[in-house]
Amino acid sequence: MSNYIDELKTKLLEITNINNANALLVWDQQTYMPEKGSVARGMQQATLNGLSHNIFVSNEMGNLLNKLKENKEFSKLSDDDKVIVDRCYEDYDKAKEVPNELVMEITKARSEAYMVWTKARAESNFKLFEPHLEKMLGYGKQLADVIGYKKSPYDALLDRFERKLTVDELDPLFNDLREKIVPFLEAIQNSNIKTNPEIIKKHYPSNKQWNFTVEILKYMGYDFDCGRQDKSVHPFTISFHPNDVRVTTRIKENYLSDALSSSIHEGGHALYEQGLSSEYYGTALCEYVSLGIHESQSRLWENLVGKSKSFWKFFYPKLKNYFPDTLKDISMGDFIQSYSHVNPSFIRVDADEVTYNLHIILRYEMERDAVEGKIKVKDFPEIWNSKMKEYLGITPPNDAKGVLQDVHWTGIMGYFPTYTLGNLYSAQLYHFAKNEIPNLEEQFEKGDFSLLLKWLREKIHKQGRRYYPKDLIKKATGEEPSADYFINHLYDRYGETYQIARMMM
Ligand code: ZN
């Protein structure tokens, strides 16, 4: 009897352990590392990345996979092991195209770009960041060339985050969304109903915000015995194992939305990672399927759940206990409307549900055009500002609030579209969860979110990478991914708030 599959799993475990040790360095870099540690940290990360890449693309790994893919061997495998081998073979096929030197160069450059971006954003100085953006774009194009693509080089970059998705599929979907959201946004802005954005901007002492976010995370089902929350400039979730999944948040004393939405959003990501099957640790069955699906989990909790009346029926009395003076004489309804106030704004992470996707479409179009060589990095601030004006009707006062706001362009492009895909998936999943679980939202009113989490665990978390993203959505909901559920959700929630009649769609 052959032990090829055991040999493969041993190797994969080794690689996963190196990658997760590396992830711990990333977590430290973005939370507690002193600024002068950055160069050394970049080298350490590059070494670890190179090490795991080398094991993965080694001839030994290739021979092992080729053996396992032979009919005779493959047919002997269990269904789970077949998935593990298939995904690994696909990853190997992609990874072996990329020279190790390039992987190490990119890691090092990304680390440097991150440190410069932090400074450039603080100073609102695009010129400082420009050479690093140019460099990362260059690496993106280089990567697309070595990976290969049929039509657009952006396809190759997109495929790294959302398997099997192309520019040709994305363009009509995003154009369609924009055409539906823009008139809806106009209707909101022309509505006689005005919500009060000031409530959420009152004074909320920082330590109490912190305690409130921790309490919410616990009710959501985030396991603090398998994780922790810290603070960082840009909130994120990172996992080293399903038993150690960490989140960060960002607190502003005069803007409760920041901590609230960050913690719930990252909590949604973390529930996914904590829900992966640890018995498969090291293999594709204990890995998230795609960034779009990951984002569907965070957005589902942040928006579909975290801005709903049933959620706040439970949490608003608690919030009032934390901030009795700040929220004196303010009703739950007014608070929710303030928290979900719709208004075009400069910063994507602060954007409301209605305008959020316009931010993504803007970035996606710039990325696509830059990678396809149609626009230049030096023109980024100008293009950014003119698109903001066109889609959202506003112009950023400076680059810190414009082109420099996101951390993502310190890395390889291709990532942004997954945010909007996440929004679409989240609304579709939530619609079907609500249909299948009796009285779901009544449970929320009692602080019980366990039935929703159980549903997500079964439909999404426990599946790992068993299916491609599109197929996973189809399995979970019985339907192809669609924008309709998201648009319906906007009409249900904001059509009611702003008294907008449903338009033809
Ligand atoms: Zn996210």
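Indexing begins at 1, ligand by ligand and atom by atom, following the structure's order.
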Whether [X] engages the ring of [Y] as a cation-pi pair (distance to the six-membered ring centre under 6.0 angstrom, angle to the ring normal within 45°) should be assessed.
X      : Y      : answer
Lys231 : Trp210 : yes
Lys164 : Tyr468 : yes
Arg348 : Tyr419 : yes
Arg368 : Phe416 : no

Query raised in the report: In terms of ring plane angle, is the pair Trp409 and Trp384 parallel, tilted or perpendicular, where the classes change at 30° and 60°?
Result: perpendicular
Report task. Could you name all protein N, O or S atoms found under 2.8 Å from the Zn ion (ligand 1)? Result -> His265 NE2, His269 NE2, Glu295 OE1
Requested in this report: Nearest 0.5 Å please: distance from the OG1 atom of Thr166 over to the OH atom of Tyr154.
Outcome: 12.0 Å
